[in-house]
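Encoded as structure tokens, the structure appears first; notes follow it.
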There are 2 protein chains.
Amino acid sequence: MYARKTFLGLSEEKRLKVVDAAVSEFSEKGYNRASINSIVAALGIAKGSIFQYFKNKESLFLFVFEYALGMVKNNLAGVRESSLEEPFFERLKSSLLAGVGFVEEHPRLYSIYLRIMFEGGIPFREELVEKVRRLSAKYLGSLLIQGIARREIRSDLNIETQTFILDALFDRFLMAYSMRHLDAGPSLFREPGSVNKRVDEVVEALRSGLAP
Amino acid sequence: MYARKTFLGLSEEKRLKVVDAAVSEFSEKGYNRASINSIVAALGIAKGSIFQYFKNKESLFLFVFEYALGMVKNNLAGVRESSLEEPFFERLKSSLLAGVGFVEEHPRLYSIYLRIMFEGGIPFREELVEKVRRLSAKYLGSLLIQGIARREIRSDLNIETQTFILDALFDRFLMAYSMRHLDAGPSLFREPGSVNKRVDEVVEALRSGLAP
DNA sequence: ATGCAAAATGACCACCTGGTCATTTTGCCG
DNA sequence: CGGCAAAATGACCAGGTGGTCATTTTGCAT
């Protein structure tokens, strides 16, 4: 779709190297500050080559985005299936932990997502944000539908509001986790190994509320 | 601090025009894509002039940031005082509504904040993020302390976790509100006038939890 | 070994950026 | 009015960008 046939004809090793270099550059600098010059320099290939692989910077970026989105989809499909039998709030915990695992394993992909959300001047930015949003809504929706069917959730709360709350807390939890190393003040994750505890606390607050 | 004396000697009208143009540019394009050329073109002044007002792009940006931070401080001080007598969860509602009011009144300032959070290559970015974080923590902390003293909040929940949850929901609520016009899918704010309802729903979920 | 298409190359281009500075214009004071 | 400091100006610069393309190198089929 976004790659030229020259790129698709490359050995898998080289293809992975190119994608890896592009992922690094875009995750470190976002779209606009990312430099094709830097990418080719890091790869040790000529500048012209990258334009034999991708029409332009935009195509390269969209290719990287689709790659990242595929990774996220696989991850979500995995958790959804493996937690299928758990009660609602246990599934929430499993999902949060899976998210943490993904961010831990692929910090650069998560960083690209954050950049897309807030950087200006990204081609098709709205479409990209919408794709991610749909993925998240689909996943949380499947959890909520099951939870409602099993009567594990109050029925007097608007489902859109519930989705919003879950989405907000999920996203912020992952942000806090992925930025824990540079968070100067009090952070959720100062001491190592505190992830499970925090997940439990957040989900417990979500379950029973803040009021006594 | 960041402005040169030439700028401070300008008439208030001109100073405000310059700040306004800079706010527009930075909020639309973030730090790196923002162009001094665009700003001076919008103002109809010579390029050299802006460098008589500010040492460089970085100083101009930091000046704008401090300006925006001052506006937020005033806003927070206002809500804190005017809601002092309310019970905890009512204060939360007042605070959320005040945030919505600020975003409504100063959408460009909120946009600059979002850009700072996630854009790379911003000078002193970490310090700026930390300043905003401290402001938010100070405010939420004062609400929570009062709520705890009045026994309106469960005592078995970690206060850091509570702060995290409040902060996450606040921020996301404002994001959803400020982006409501471009949110293609189901949004919290499709129909006009739904803000109060959403505030009530979110705070109710926060108070009593999602479980039946 | 030869031929030939596909892939790799890097010098080059037009464009834009933040920033400089010698020069001109302004506006106030006596 | 003259004088003079402060402010405004815009041509200019070095450096970086995404992108091009004529040329060379590679690697495989015959």
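Computed from a prediction, not measured in an experiment: that's the story for all the values here. In what follows, every chain begins at residue 1, and chains take the letters A, B, ... in the order their sequences are listed.
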Is the gap between the ring centers of [X] and [Y] under 6.0 Å?
{"X": "B/Tyr110", "Y": "B/Tyr113", "answer": "yes"}
{"X": "B/Phe54", "Y": "B/Phe7", "answer": "yes"}
{"X": "B/Phe118", "Y": "A/Phe118", "answer": "yes"}

>> Using side-chain heavy atoms (C-beta onward) and a distance below 4.5 Å, is B/Thr163 in contact with B/Leu144?
In response: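 Answer yes - side chains close enough.
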>> Tell me the interatomic distance from B/Leu60, atom CG, to C/dG19, atom C1', rounded to whole angstroms.
In response: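 Roughly 14 Å, once rounded to whole Å.
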>> Does the protein touch nucleotides 4-19 of chain D at the base, only the backbone, or not at all? Give it as B, S and - per nucleotide, heavy atoms under 4.0 Å.
In response: ---SBBB------SBB
> Taking only residues two or more places apart in sequence or in another chain, which ones pass salt bridge (Lys or Arg N to Asp or Glu O under 4.0 Å) with B/Glu86?
Replying inline: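 So B/Glu86 forms no salt bridge (Lys or Arg N to Asp or Glu O under 4.0 Å) with any residue.
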